[in-house]
Visitor: 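Before I ask anything, here is the structure I am working with.
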Amino acid sequence: MIGGGIAGLVAARELSAKGLRVLVLEARDRLGGRVWTDHRLGRDLEMGGTWLHWVQPHVWAEVTRYGLAVTRGPRPEQAYWLAGDEVRTGTLEEFMQLIDPGMRRLLAGTMRWLPRPAEPLAEPALAEVDGFSVQDKLDELALPAEEYHANEAAWVGHFNAPLADGAFTSALRWTAATAGSWHLMHEASAVFRLAGGTRSLVDAIAADAGAEIRTSTEVRRIDHGPDRAVLTTAAGERIRARRVVVTLPQNILGDLEVSPPLCAGKLAASKEKAASKGVKVWIRVRGPIEPFFAYSSAAHPLSVVRTEYLGDDDAVLVAFGADAARISPDDCDAVTAALRVWRDDLDVLDTTGHDWMSDPYSRETWMMHRPYQVTRYLNAQQQPEGVLHFASSDHAGLWAGFIDGAIESGLRTARELATHLTGAR
Ligand SMILES: Cc1cc2nc3c(=O)[nH]c(=O)nc-3n(C[C@H](O)[C@H](O)[C@H](O)COP(=O)(O)OP(=O)(O)OC[C@H]3O[C@@H](n4cnc5c(N)ncnc54)[C@H](O)[C@@H]3O)c2cc1C
C-alpha cells in the first residue's frame with residue numbers, strides 16, 4: 001500500500017480482513033494524508049478535510065461502525081455579501097434566497113447529465129457538457145451583478161479554484177450526489193464534522209487495519225512485472241510485493257518513477273493538474289462575536305468566511321480562497337486585509353493553515369476537475385495495470401474529492417485486488 005491516507009488505510013483494513021499480509025508505506029510522519037487534525041490557535045483544527053454528512057454513504061458507514069460523534073459549528077446569525085463595493089448584511093436565509101435562482105438555473109440539468117451519480121459516465125453524452133467551465137455556465141445566466149457575485153463566491157467556496165478552471169460537471173456531480181438539491185449539497189459539504197476531529201476516524205481505521213504501517217517512508221520507484229512489483233523507497237530500500245495499491249493524489253502520481261510506465265490517461269491527468277489550487281485559512285479573532293457567514297466574489301483573495309468555533313473571549317473563523325498563490329494562511333496582515341472587505345471591526349489575533357499546494361505529498365487540495373478531465377481520464381485513473389491497483393478520492397465514483405470518496409475508492413480497490421489474487425468475490 002503506497003500512502004496512509006483514508007483510501008490507503010481503508011484498503012489495508014479490507015485486505016487484512018481477507019487474510020492478506022499488508023504493508024502500508026506512508027511518506028509523511030503521520031497518517032491521514034489530506035485529513036489532518038492539528039492543535040493550533042488553542043484548538044484542534046482541521047488543516048484539510050473536515051465536513052461530512054449522512055448523505056455520504058461510505059463515510060457515514062464508518063461513523064456508525066466506530067460510533068464516532070458528530071457535531072457542527074455555530075449557526076450563523078448574520079450574513080455579509082457584496083453589491084459592488086457596498087457591503088450588504090442580512091440573515092443567512094436572505095443570502096440563500098439571493099443565490100437560489102442562479103443555483104436552480106445553473107443546476108437544472110443535473111439529473112439529466114448524471115442520472116446515476118455513483119456512475120458519473122453512465123450518460124454517454126456527458127462529454128457535451130464536460131468541456132464547459134463553471135464560469136462559462138454562470139456567465140450564460142446573465143445574472144444581476146449582486147446575484148452573480150454571490151453565486152460566484154459560493155462556487156469558489158466549493159471549487160477552491162478559479163472558476164474558469166473548474167469543470168461544470170464537477171458542480172453537477174456534487175449536486176447529483178444529493179439528488180439534485182443544491183441546498184442539501186451545500187449542507188453536505190460544509191456543516192457537520194467529527195467531534196473528535198478527523199483524527200478520530202484515522203485512528204479508528206488504523207487501529208483496525210491489521211497491517212504493518214511504516215511512516216516517514218517515501219516510495220520513489222516501482223518496477224513491476226506480471227506477478228510481482230519491487231518498490232524502492234527514498235532511503236534506497238527495495239521491497240517486494242505481489243500486488244501494490246497506489247493512492248497518490250492525481251497531481252503527483254505522474255512524478256512517481258514507474259517501469260513500465262503508467263498508461264497515458266493517468267499520466268495526462270497528472271500533467272494537466274486538478275483545477276483546485278486554493279487555500280483554507282483559520283483565523284482567531286477577539287471575542288465575543290456573533291456567529292456570521294460572509295461571501296465576497298472570486299476577485300478577492302478570500303471568497304468565503306464563517307465562524308466555526310465560539311469561545312467566551314475569542315472566536316475561530318474558517319475562510320477559503322480560489323488561489324493559494326494569492327494569500328498565505330500564515331500572513332496575518334494579508335488575512336486581516338482580506339477580512340476588511342466585509343468587516344473592519346474584527347480584531348485578528350492569529351491565523352494559520354497548511355499550504356497543500358506546496359506540500360510534496362499532495363500538491364492539490366480536494367479534487368475538482370478541469371473541463372474534459374472526467375470524461376477523458378476517469379476510467380483510465382481507476383483501471384489496474386498488471387499488479388498495480390489505484391485508490392484515491394480523486395477518482396472515486398460518487399463523492400469524488402471527499403473523505404467519502406476516499407473510503408469508496410479504498411473499498412472498491414481492495415475488492416478488485418482480492419479478486420485478482422484469490423478469485424474471491
Ligand atoms: C483544505 C482541504 C479541505 C478539505 N475539505 C473537505 C471536507 O470538508 N470534506 C471532505 O469530505 N473532504 C474534504 N477534503 C478532501 C479530503 O480530505 C480528501 O479527498 C481525502 O482525504 C483524500 O484521501 P486519499 O486517501 O484519497 O488521499 P490522501 O489523503 O492524499 O492520501 C495519499 C497519501 O499518500 C501519501 N503519499 C504521497 N506520496 C507518497 C509516496 N511517494 N510514498 C508514500 N506515501 C506517499 C500522502 O502523504 C498521503 O498520506 C479537503 C481537502 C483539503 C486539502
Side-chain angles (χ1 to χ4, degrees), residues 1-12 23-37 45-53 56 58-60 62 157-158 160 174 177 188-194 198 201-202 205-206 213-222 231-235 239 244-253 255-258 274 276-282 308 318-321 324 329 353-357 359-368 381 390-396 398-410 413:
M1 188 74 50
I2 308 183
I6 298 280
L9 291 174
V10 165
L23 171 65
V24 178
L25 303 172
E26 166 54 51
R28 302 174 204 264
D29 61 2
R30 60 168 183 84
L31 297 175
R34 280 175 280 168
V35 298
W36 180 21
T37 315
L45 299 178
E46 300 295 347
M47 297 301 114
T50 309
W51 294 289
L52 42 75
H53 200 276
Q56 297 172 337
H58 305 93
V59 74
W60 207 256
E62 301 290 326
H158 292 325
N160 210 228
W174 279 37
S189 57
V191 177
F192 297 94
R193 55 178 152 78
L194 293 172
T198 55
L201 176 63
V202 172
I205 305 172
I213 298 178
R214 291 193 210 162
T215 52
S216 304
T217 307
E218 178 186 331
V219 174
R220 284 271 171 84
R221 182 179 170 89
I222 307 176
L231 311 183
T232 308
T233 69
I239 299 167
V244 179
V245 178
V246 183
T247 74
L248 270 60
Q250 170 176 309
N251 282 10
I252 60 168
L253 181 63
D255 300 336
L256 194 64
E257 291 170 44
V258 184
S276 36
K277 59 174 187 182
V279 66
K280 175 181 185 179
V281 185
W282 290 101
E308 192 61 24
V318 63
F320 293 91
H354 181 67
D355 183 357
W356 294 99
M357 294 310 297
D359 183 327
Y361 303 123
S362 56
R363 298 216 187 275
E364 63 181 64
T365 60
W366 62 89
M367 170 52 63
M368 296 306 278
Q381 288 178 304
F390 299 84
S392 168
S393 180
D394 293 4
H395 49 76
L398 186 56
W399 286 97
F402 286 79
I403 298 166
D404 189 87
I407 297 162
E408 177 207 307
S409 181
T413 307

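As the structure is a computational prediction, the values presented were derived from the model and not from experiment. Read the numbers this way: they start at 1 and go in the same order the structure lists the ligands and their atoms.
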Visitor: Would you check the N or O atoms of E364, main chain and side chain alike, for any that come under 3.5 Å of an N or O of ligand 1?
Guide: no
Visitor: Under the 6.0 Å and 45° cation-pi test, does K280 pair with W36?
Guide: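 The answer is no, since K280 fails at least one limit relative to W36.
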Visitor: Does G410 come within less than 4.0 Å of ligand 1, judged by its heavy atoms?
Guide: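 Contact absent.
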Visitor: Is there any N or O on A7 that sits under 3.5 Å from an N or O of ligand 1?
Guide: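 Yes; at least one N/O pair falls below 3.5 Å.
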Visitor: Looking at non-hydrogen atoms alone, which of V35, I403, N251, L25 comes nearest to atom 12 (N) of ligand 1?
Guide: I403
Visitor: Answer yes or no: does an N/O atom from I2 fall short of 3.5 Å to an N/O atom of ligand 1?
Guide: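 Between I2 and ligand 1 (N or O atoms, distance only) the closest approach is not under 3.5 Å.
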Visitor: For atom 7 (C) of ligand 1, what is the closest protein heavy atom, and at what distance to 0.1 Å?
Guide: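 For atom 7 (C) of ligand 1, the nearest protein heavy atom is T50 N, 3.2 Å.
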Visitor: Kindly indicate whether the side chain of W399, heavy atoms from C-beta on, has any atom under 4.5 Å from the side chain of E408.
Guide: no
Visitor: Looking only at N/O atoms, are Y361 and ligand 1 under 3.5 Å apart anywhere?
Guide: no
Visitor: Closest by any non-hydrogen atom to atom 47 (O) of ligand 1: pick that one out of M1, E26, E218, M357.
Guide: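 Comparing heavy atoms across M1, E26, E218, M357, the nearest one to atom 47 (O) of ligand 1 lies in E26.
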Visitor: Supply the atom-to-atom distance T365 OG1 to K277 NZ, rounded to the nearest 0.5 angstrom.
Guide: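 Answer rounded to 0.5 Å: 11.0 Å.
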Visitor: W51 versus ligand 1: do any nitrogen or oxygen atoms come within less than 3.5 Å of each other?
Guide: yes
Visitor: Under 4.0 Å from any heavy atom of I252, which atoms of ligand 1 are there?
Guide: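 Taking each heavy atom of I252 in turn, ligand 1 has 37 (C), 38 (N) under 4.0 Å.
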Visitor: Please report whether ligand 1 has a polar contact with R34, defined as an N or O pair separated by less than 3.5 Å (distance criterion only).
Guide: yes
Visitor: Among V246, N160, L9, V219, which one puts a heavy atom closest to atom 41 (N) of ligand 1?
Guide: V219
Visitor: Among all protein heavy atoms in this structure, tell me which lies nearest to atom 34 (O) of ligand 1, with the distance rounded to 0.1 Å.
Guide: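 Of every protein heavy atom, G3 CA, 3.3 Å lies nearest to atom 34 (O) of ligand 1.
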Visitor: Note the single closest protein heavy atom to atom 32 (C) of ligand 1, along with its residue, its atom name and the distance in Å.
Guide: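 Heavy-atom neighbour on the protein nearest atom 32 (C) of ligand 1: T247 O, 3.5 Å.
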Visitor: Output the distance between atom CG (L23) and atom CG (L231), rounded to the nearest 0.5 Å.
Guide: 8.5 Å
Visitor: How close do P329 and V279 get, counting heavy atoms only, and between which atoms?
Guide: CG-CG2, 3.8 Å
Visitor: Spell out, as yes or no, whether a donor-acceptor pair under 3.5 Å connects the side chain of T413 to the backbone of F390.
Guide: yes
Visitor: Check whether any side-chain heavy atom of V219 sits under 4.5 Å from a side-chain heavy atom of L248, and report yes or no.
Guide: no
Visitor: Applying a heavy-atom cut-off of 4.0 Å, say which part of V59 lies close to ligand 1: side chain, backbone, both or neither.
Guide: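 Neither; nothing of V59 gets under 4.0 Å from ligand 1.
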Visitor: Is there a polar contact between ligand 1 and L248, counting only N or O atoms under 3.5 Å apart?
Guide: no
Visitor: Hey, are the side chains of R214 and I239 touching, using non-hydrogen atoms and a 4.5 Å cut-off?
Guide: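 Contact flag for R214/I239 side chains = yes.
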Visitor: Do any N/O atoms on R28 end up under 3.5 angstrom from N/O atoms on ligand 1?
Guide: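 Yes, since at least one N or O of R28 sits under 3.5 Å from an N or O of ligand 1.
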Visitor: I need the nearest protein heavy-atom contact for atom 31 (O) of ligand 1: residue, atom name and distance, please.
Guide: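 Nearest protein contact, heavy atoms only, for atom 31 (O) of ligand 1 is G5 CA, 3.6 Å.
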Visitor: Out of all atoms in ligand 1, which are within 4.0 Å of some heavy atom of G32? Include the element for each.
Guide: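 Per the distance check, 29 (O).
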Visitor: Could you find the nearest protein heavy atom to atom 45 (C) of ligand 1 and give me its residue, atom name and distance?
Guide: A27 CB, 3.7 Å
Visitor: Taking the side chain as C-beta and beyond, is there a heavy-atom pair between E364 and D394 under 4.5 Å?
Guide: yes
Visitor: Considering the heavy atoms of S392, write down every atom of ligand 1 situated less than 4.0 Å from one of them.
Guide: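 Those qualifying, in numeric order: 26 (O).
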Visitor: Record the part of M47 in heavy-atom contact with ligand 1 below 4.0 Å; permitted values are side chain, backbone, both and neither.
Guide: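 Backbone only.
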Visitor: Just which atoms of ligand 1 are under 4.0 Å from any heavy atom in T365?
Guide: 53 (C)
Visitor: Give the residue and atom name of whichever protein heavy atom lies nearest to atom 14 (N) of ligand 1, and the separation in Å to one decimal.
Guide: G49 CA, 3.4 Å
Visitor: Checking contacts here: is it the side chain or the backbone of P249 that comes within 4.0 Å of ligand 1, counting heavy atoms only? Could be both or neither.
Guide: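 Only the side chain of P249 comes within reach of ligand 1.
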Visitor: Decide yes or no on side-chain contact (heavy atoms from CB on, under 4.5 Å) for R193 and E46, but give the supporting numbers first.
Guide: CA-CA 10 Å; R193 55 178 152 78; E46 300 295 347; 5.6 Å; no
Visitor: Heavy-atom contacts with T217 under 4.0 Å: which atoms of ligand 1 show up? List them by number with element.
Guide: 43 (C)
Visitor: Is the backbone of I403 close enough, under 3.5 Å, to the side chain of S393 for a donor and an acceptor to pair up by distance?
Guide: no
Visitor: Quiz question: by atom type and distance under 3.5 Å, do the side chains of S392 and S409 form a donor-acceptor pair?
Guide: no
Visitor: Working to the nearest 0.5 angstrom, can you tell me the gap between D404 CG and H53 NE2?
Guide: 12.0 Å
Visitor: At a 4.0 Å threshold, what atoms of ligand 1 neighbour a non-hydrogen atom of W356?
Guide: 1 (C), 53 (C)
Visitor: Is the shortest N/O to N/O distance between G401 and ligand 1 below 3.5 Å?
Guide: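 Yes: some nitrogen or oxygen of G401 is under 3.5 Å from one in ligand 1.
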Visitor: Does an N or O anywhere in I6 fall below 3.5 Å from an N or O of ligand 1?
Guide: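 In this structure, I6 places an N or O atom under 3.5 Å from an N or O of ligand 1.
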Visitor: Taking the side chain as everything from C-beta on, heavy atoms only, tell me whether I2 gets closer than 4.5 Å to I222.
Guide: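 Result yes, sub-4.5 Å side-chain heavy-atom pair found.
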Visitor: If you have a sec, work out which protein heavy atom is nearest atom 26 (O) of ligand 1 and how many Å separate them, to one decimal?
Guide: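 Residue, atom and distance for the closest contact: S393 N, 2.8 Å.
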Visitor: Answer yes or no: is there a side-chain heavy-atom contact under 4.5 Å between E26 and L31?
Guide: yes
Visitor: Are any non-hydrogen side-chain atoms of R28 and D359 less than 4.5 angstrom apart?
Guide: yes
Visitor: For atom 23 (O) of ligand 1, what's the nearest protein heavy atom and its distance?
Guide: A406 CB, 3.5 Å
Visitor: With a 4.0 Å cut-off, would you call D255 and R363 a salt bridge?
Guide: no
Visitor: With respect to atom 2 (C) of ligand 1, which of W366, F192, W399 exhibits the smallest heavy-atom separation?
Guide: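 It is W366 whose heavy atom sits nearest to atom 2 (C) of ligand 1.
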Visitor: Closer than 4.0 Å to some heavy atom of G33 - which atoms of ligand 1 meet that?
Guide: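 Every atom of ligand 1 under 4.0 Å from some heavy atom of G33: 29 (O), 48 (C), 49 (O).
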Visitor: Should W51 and Q56 count as side-chain neighbours, where that means a heavy-atom distance under 4.5 Å?
Guide: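 No, their side chains stay 4.5 Å or more apart.
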